[in-house]
Chemist: 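Encoded as structure tokens, here's the structure I'll be asking about.
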2 protein chains.
Amino acid sequence: MEAVKAEINKIPRSLSKQARRKQLIEATIKCIAEKGLSGTTMADVTQLAGLSLGIVNLHFQSKEKLLIETLSYISDEYTSGLTKIFNDKNLNTEQKILAHINFDFSRKIIDRNKLAVWFAFWGETKSRPTYLSICASYINEIANNLTALFALLKQEGNYTKVDPELVCTCYTALSDGLWLDLLMTPKGLKPAQAQLVAMHYLATQFPNHLKTRTGI
Amino acid sequence: MEAVKAEINKIPRSLSKQARRKQLIEATIKCIAEKGLSGTTMADVTQLAGLSLGIVNLHFQSKEKLLIETLSYISDEYTSGLTKIFNDKNLNTEQKILAHINFDFSRKIIDRNKLAVWFAFWGETKSRPTYLSICASYINEIANNLTALFALLKQEGNYTKVDPELVCTCYTALSDGLWLDLLMTPKGLKPAQAQLVAMHYLATQFPNHLKTRTGI
DNA sequence: CAACTGAATGAATAACCATTCATTTTTGTG
DNA sequence: CACAAAAATGAATGGTTATTCATTCAGTTG
């Protein structure tokens with residue numbers, strides 16, 4: 001009891017509002033991963049954060065708003081990472097595409113807790129338009145950027161038969177599906193293998209630029 | 001009021017146990033699609049089925065069992081359809097693969113209500129091992145069958161560089177991702193287009209057997 | 001150090017919801 | 001038609017959980 005109290009007290013009360021919100025959002029991510037979206041209660045979240053029951057309503061007004069902020073949090077993390085790559089002037093087209101794939105399968109992104117959160121919300125988009133609208137805004141932007149990169153590589157490499165939009169749709173669906181695999185069967189597919197699968201597809205479109213080793 | 005009562009009364013009370021269960025499961029599918037897994041209540045399900053509140057516990061003992069039976073129901077529908085194709089002695093290898101893809105994107109399977117149910121449960125697999133075990137059993141069987149088909153086509157068509165297991169992993173992830181697309185952005189990707197995307201990938205592996213038109 | 005401010009607490013409240021079961025309705029059978 | 005068995009009903013129950021807010025606490029300022 002004393003030990004617990006001591007540990008809790010390590011967290012200063014004067015954390016800025018922003019930091020306290022982040023602390024709660026990260027507890028929410030863990031909670032959704034462990035108990036599911038429907039099984040996540042305010043008591044769970046606040047206990048995991050080492051704070052008191054009423055704190056979520058103080059900082060987020062309601063549970064629903066906390067959930068929305070949590071989805072926005074991981075969406076922003078993903079989008080901003082990709083935007084940075086897309087705008088990096090030191091990378092050429094091929095390097096940007098490679099960086100994009102590396103990012104899609106990096107530790108930060110394919111963390112199983114975060115994957116659980118993605119799919120928890122995606123599973124509810126049909127019934128909750130708010131969740132959908134949060135996702136829709138970034139999906140379009142990323143697709144446009146990625147399509148543009150594929151179009152450039154097509155030009156630069158004389159891949160006359162490549163359809164950039166089709167490749168973008170296919171790659172995006174493929175990586176979503178691989179994410180699902182990583183979430184559901186962690187004993188099966190490993191992150192590095194998943195990335196190779198994605199590379200394998202892109203190598204069929206841009207064989208002179210993106211090569212994969214044989215086997216997975 | 002009279003009209004409602006009349007309509008309800010159309011459903012005979014003497015429906016066999018099996019049929020009543022099916023009626024409730026189908027109401028559950030609609031409900032999960034409309035309100036999400038967390039938002040689905042017993043009152044919702046039974047009202048949608050035009051029956052009384054207590055009926056679920058009569059036929060399924062608990063809400064949790066109803067949900068599990070609902071997942072099993074759509075899993076069985078999917079698995080049995082694919083098994084039938086795989087065991088069809090009138091189809092050659094190429095035709096079986098084509099039939100598999102056609103089935104994956106058939107109306108029956110990519111019904112948005114059912115897609116919503118798939119993803120609702122998948123989003124909770126990390127926290128509910130029961131859901132995972134229901135899915136795990138059929139996933140393996142289908143993967144083995146499909147890999148075997150790809151291995152056969154590789155042999156028959158002399159595709160020396162094809163890795164059947166890799167192609168199976170890639171195709172499966174791709175179709176899962178396309179399903180997600182169909183669920184989340186129904187205004188974007190259409191079922192027929194999604195199928196063409198899947199075909200486009202397989203055409204890169206078996207170009208002499210599976211061709212796609214240009215464009216999506 | 002005393003007064004003040006805003007952050008944090010958690011007991012109390014009110015709403016929601018799965019489950020139970022005494023009662024009613026329907027069906028099939030002799 | 002009567003009667004037993006089976007199926008269905010829905011009011012009542014009890015457990016769970018989001019939200020509220022009076023109170024406590026920590027940090028700051030003059």
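Just so we're on the same page: letters track the sequence lines, and every chain starts at 1.
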Chemist: So, E69(B) side chain and I25(B) main chain: donor-acceptor pair closer than 3.5 Å or not?
Modeler: no

Chemist: Can you check the L58(A) CG to dT23(D) C1' distance for me, whole Å?
Modeler: 14 Å

Chemist: Take atom CZ of R21(A) and atom P of dA8(C), then tell me their distance rounded to the nearest Å.
Modeler: 13 Å

Chemist: Report yes if the side chains of I101(A) and Y171(A) come closer than 4.5 Å at any heavy-atom pair, otherwise no.
Modeler: yes

Chemist: Relative to the ring of W118(A), is the ring of Y78(A) parallel (under 30°), tilted (30 to 60°) or perpendicular (over 60°)?
Modeler: perpendicular

Chemist: Could you tell me how far apart K17(B) (NZ) and dT27(C) (C1') are, to the nearest whole angstrom?
Modeler: 14 Å

Chemist: Quickly work out the D44(A) CG to dT17(D) P distance and round it to whole Å.
Modeler: 8 Å

Chemist: Take atom CD of Q23(B) and atom C1' of dA7(D), then tell me their distance rounded to the nearest Å.
Modeler: 13 Å

Chemist: For a 4.5 angstrom cut-off between non-hydrogen side-chain atoms, does Y131(B) reach F121(B)?
Modeler: yes

Chemist: Summarise protein proximity over nucleotides 17-22 of chain C in one line of letters, 5' to 3': B for base, S for sugar-phosphate only, - for none, counting protein heavy atoms closer than 4.0 Å.
Modeler: SSBB--

Chemist: Just wondering, do T28(A) and Y73(A) contact through their side chains at under 4.5 Å, heavy atoms?
Modeler: no

Chemist: Whole angstrom is fine here: how far is it from NZ in K65(A) over to P in dA18(D)?
Modeler: 16 Å

Chemist: Ignoring hydrogens and angles, state whether a donor on the side chain of E141(B) or T79(B) is under 3.5 Å from an acceptor on the partner side chain.
Modeler: no

Chemist: To the nearest Å, give me how far apart NZ (K35(B)) and C1' (dC16(C)) are.
Modeler: 13 Å

Chemist: Tell me the interatomic distance from I55(B), atom CD1, to dA7(D), atom P, rounded to whole angstroms.
Modeler: 10 Å

Chemist: When you measure from the side-chain N and O atoms of H59(B) to the phosphate of dA8(D), is any distance below 4.0 Å, counting only OP1 and OP2?
Modeler: yes

